[in-house]
Structure formats: structure tokens, C-alpha cells
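One structure is given below, encoded as C-alpha cells.
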Amino acid sequence: LCFAQKDVFQLKDIEKIAPKEKGITSMSVKEILQSLVDDGMVDTDRIGTSNYFWAFPSKALHARKRKLEELESQFAESSQKKEALQKSIEKSKIGREDTAERAALIEELAALRQKKEKLKAEIDKYRECDPEVVEEMRQTNKIAKEAANRWTDNIFSIKSWAKRKFGFEESRIDKSFGIPEDLDYID
């Protein structure tokens, strides 16, 4: 519609013309127009209190030319990358011809890798005896012991406070809060 008449329209004008000339129901004109605006096929601008719509063939032609140039550029770039990759493949094939010596070296490499995996598994078996791992475990145990004793101290402090504040017996506090009778510091 805008291309054919090369004019600027308001929404109410398009709603009157579209059903007659293009067979579009007037209820869907606004929706279709908005979709064309969103796709960049129709331009719109607000002037005062009115919205104006237009679409000129030259804009669409320039947009297609730009897109074509962009795609051609991408195609040329991709072709160059493909050529470079083909050359790289050809270059990497040099020295990798299937020979008896190469096959023997590949077998030896596979055997050495398998041996490496076995040795690694054996080392992992004895990992718990590693002095660094043992020392790390000692440090972790020391930190855990200090934390346990700190919480035990906190529990004793709260029990002491509760006895003073509320006059509860220690056995009653232990029973109410599920504190074991033999709770003590870890040595």
C-alpha cells in the first residue's frame, strides 16, 4: 500500500484503504502494520499527536543491497577459511603416511599410555600413605578437634547461664536439649 502510492499515511487512513484495496480486515490492520514496523519494512514517526507510517521502495532496495553485500562478504571470508583449513590438513598429513615404522610407534605409544594408567592407579592405591596427605589429614583433624571443643565450651557456657538464670538442674537441661550426659572436651 505504502509502496504503491508512495505517500505517508495515518493509521485511520490505512484502516480505511487496506480492506478495500488489499482485502485485509480492518480489525487486523493495526496488528499487521505493527508487525511490518517491527520488521523494519514500514517506517513510523510521531508528529504532534499523530503517528505517520510510510515505506518507500528505495529503502527496501538499499536494505537488500546491504544484506547481499554482507552475505557476499561472509561467503568470501568463509571460503578463505575453508581454503586455509584445507591447506592445513594437507600440511598436517605430511609425515603421517601409513608406514610400518609409524604403525609400530603408534602401538608403542598405546602400550606406554596403558602402562602409565596402571602406574597411576597403583600410586593412587598408596596415596593414603603419602606424607603430604597424612600431614593434611592431621591438620584437618586438629581444626575439627578445636571446633568440637569450642562448641562443647559453648554448650557448657549456655548450661551454666541457664542454671543461674532459671535455676534448672543440669540433668533437666541435658534431657530437654538432647545433650548426652557424657559430653566432654576431646583430648
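No hydrogens, no waters, no symmetry mates; every other heavy atom, side chains included, goes into these values.
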* To do: With side chain to side chain contact (heavy atoms under 4.5 Å, CB included) as the test, would you mind laying out the steps for Leu71 and Lys67 before giving the verdict?
  => CA-CA 6 Å; Leu71 291 173; Lys67 185 67 173 175; 4.2 Å; yes

What's the spacing between [X] [atom1] and [Y] [atom2] if we round to 0.5 Å?
| X | Y | atom1 | atom2 | value |
| --- | --- | --- | --- | --- |
| Glu122 | Lys125 | CD | NZ | 5.5 Å |
| Ser92 | Leu85 | OG | CG | 10.5 Å |
| Arg46 | Ser50 | CZ | OG | 7.5 Å |
| Phe166 | Ile173 | CZ | CD1 | 9.5 Å |
| Phe9 | Leu33 | CZ | CG | 11.0 Å |

* Might you work through the side chain to side chain contact (heavy atoms under 4.5 Å, CB included) test for Asp184 and Thr152, ending with a clear yes or no? => CA-CA 7 Å; Asp184 202 2; Thr152 302; 5.6 Å; no

* Are Tyr185 and Asp153 linked by a side-chain donor-acceptor pair shorter than 3.5 Å? -> yes

* May I ask you to check whether Gln139 and Glu135 show a side-chain donor-acceptor distance below 3.5 Å? => yes

Verify, without hydrogens or angle tests, whether [X] (side chain) and [Y] (backbone) share a donor-acceptor contact under 3.5 angstrom.
| X | Y | answer |
| --- | --- | --- |
| Ser35 | Glu31 | no |
| Ser160 | Phe156 | no |
| Ser78 | Gln74 | yes |
| Ser88 | Ala84 | no |

So with a 6.0 Å cut-off around [atom1] of [X], is the heavy-atom count from everything else above 12?
| X | atom1 | result |
| --- | --- | --- |
| Gln114 | CD | no |
| Arg102 | CZ | yes |
| Glu136 | CD | no |

* To do: Report yes if the side chains of Asp45 and Phe53 come closer than 4.5 Å at any heavy-atom pair, otherwise no.
  => no

* **Side chain proximity check, Asp43 to Val37, heavy atoms < 4.5 angstrom** => no

* Asked: Same hydrophobic cluster for Ile179 and Trp161, using side-chain heavy-atom links shorter than 4.5 Å among ILVMFWY?
  -> yes

* Asp174 bridged to Lys159 by N-O distance under 4.0 Å -> yes

* Structure fact -> Residues Ile186 and Asn149: closest non-hydrogen pair is N-OD1, 2.6 Å

* Asked: Where do Lys145 and Asn141 land on the side chain to side chain contact (heavy atoms under 4.5 Å, CB included) test, with the steps shown first?
  -> CA-CA 6 Å; Lys145 181 180 169 185; Asn141 288 345; over 6 Å; no

